Amino acid sequence: MSQPFPTEGMELTHILVVADVDRAVHFYRDVLGAELVRQYGGTSAVFSFAGAWLLLVTGGEPTADKPDVTFATIDAPDRVSHAMTIRVPDGQAAYETLRSRGAEFLTPPVVSEWEVRAFFRDPDGHLLEISEARSGS
């Protein structure tokens, strides 16, 4: 019998490629409030954030375990292939808190029947969203 997948004890880590680890650490720790767990030689940092793991790494050339893959920072910030949503109980309050810590939002929160949401970017252009669920009418 094969082992099921996923298995108990597994955890998901999001990997984001950043240009400057120190700058990214400042943003994720001091603006978002993520817990810095460890850093590795100025090329990567591990965070615990809202029940998930986040690994920030500098770019790099292919390696033996990923022979045709280069890790690189975003080259077109107006296009997105990955975004993270942070579900919050109060969208307006989260917006104000994050703005006061230096987050730059694309627009103020947009209110719809189902949610309040607002998007912002980290220093490398990765898109993040705060989202408050609403009950709807």
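Source: prediction; values computed, not measured.
Legend: residues meeting side chain to side chain donor-acceptor pair (under 3.5 Å) with T85, ordered by chain and number and at least two apart, are E129. Shown here are the ring-ring contact (aromatic ring centres under 6.0 Å, His included) partners of Y95, two or more places apart in sequence or in another chain: F105. Residues satisfying the side chain to side chain contact (heavy atoms under 4.5 Å, CB included) criterion with A76, sequence neighbours excluded, are D78, R79. Under the ring-ring contact (aromatic ring centres under 6.0 Å, His included) criterion, H14 pairs with H82, sequence neighbours left out. Under the side chain to side chain contact (heavy atoms under 4.5 Å, CB included) criterion, A93 pairs with D90, sequence neighbours left out. Taking E104 as the reference, nothing meets the side chain to side chain donor-acceptor pair (under 3.5 Å) condition, with sequence neighbours excluded. Under the side chain to side chain contact (heavy atoms under 4.5 Å, CB included) criterion, F27 pairs with V31, L32, F120, D122, P123, L128, not counting sequence neighbours. By the side chain to side chain contact (heavy atoms under 4.5 Å, CB included) test, S81 is found to be paired with no residue, residues two or more places apart in sequence or in another chain being considered.
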Start with the C-alpha distance between L98 and I130, add both sets of side-chain angles, then the distance that settles side chain to side chain contact (heavy atoms under 4.5 Å, CB included), and finish with yes or no. CA-CA 10 Å; L98 292 171; I130 54 171; 3.8 Å; yes
Could you walk me through whether T73 and D75 pass the side chain to side chain contact (heavy atoms under 4.5 Å, CB included) check? CA-CA 6 Å; T73 56; D75 61 356; over 6 Å; no
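Annotation: the span from H126 atom NE2 to M84 atom CE amounts to 7.5 Å, rounded to 0.5 Å. The distance from the CD atom of E11 to the OG atom of S48 is 8.5 Å, given to the nearest 0.5 Å.
Annotation for L56 and Y28: closest pair CD1-CD1, 3.7 Å, computed over non-hydrogen atoms. Heavy-atom minimum distance, S131 versus E115: OG-OE1, 2.8 Å. Looking at every heavy atom in both residues, T107 comes nearest to A118 through O-CB, 4.1 Å. Annotation for R87 and A133: closest pair NH1-N, 3.3 Å, computed over non-hydrogen atoms. Residue A45 comes nearest to Q39 through the heavy atom pair CB-CG, 3.8 Å, listed as atom of the first residue, atom of the second, then distance. Between A64 and P67 the shortest heavy-atom distance is O-CD, 3.7 Å.
The closest side-chain heavy-atom distance from L127 to F119 is below 4.5 Å. Contact check for F49 versus I86: side-chain heavy atoms found under the 4.5 Å cut-off.
Contacts classified as side-chain hydrogen bond (donor to acceptor under 3.5 Å, both in side chains) and involving residues 55-67 (residues at least two apart or in different chains) are given here: T63-D65. Within the structure, the salt bridge (Lys or Arg N to Asp or Glu O under 4.0 Å) test picks out the following pairs touching residues 22-40 (sequence neighbours left out): R23-D124.
Other members of the cluster containing F71 are I15, V17, V37, Y40, V46, W53, L55, V57, V69, with ILVMFWY side chains joined at under 4.5 Å, either directly or via other members. Taking Ile, Leu, Val, Met, Phe, Trp and Tyr as hydrophobic and joining them when side-chain heavy atoms fall under 4.5 Å apart, one finds V111 in a cluster with V116.
Note: the hydrophobic cluster containing I74 does not contain L16 (ILVMFWY, side chain heavy atoms under 4.5 Å, direct or indirect links). Cluster membership check: L106 shares its hydrophobic cluster with V80, using side-chain heavy-atom separations under 4.5 Å among Ile, Leu, Val, Met, Phe, Trp and Tyr.
Taking a 6.0 Å sphere around CZ of R99, one finds it holds 12 or fewer heavy atoms contributed by other residues, nucleotides or ligands.
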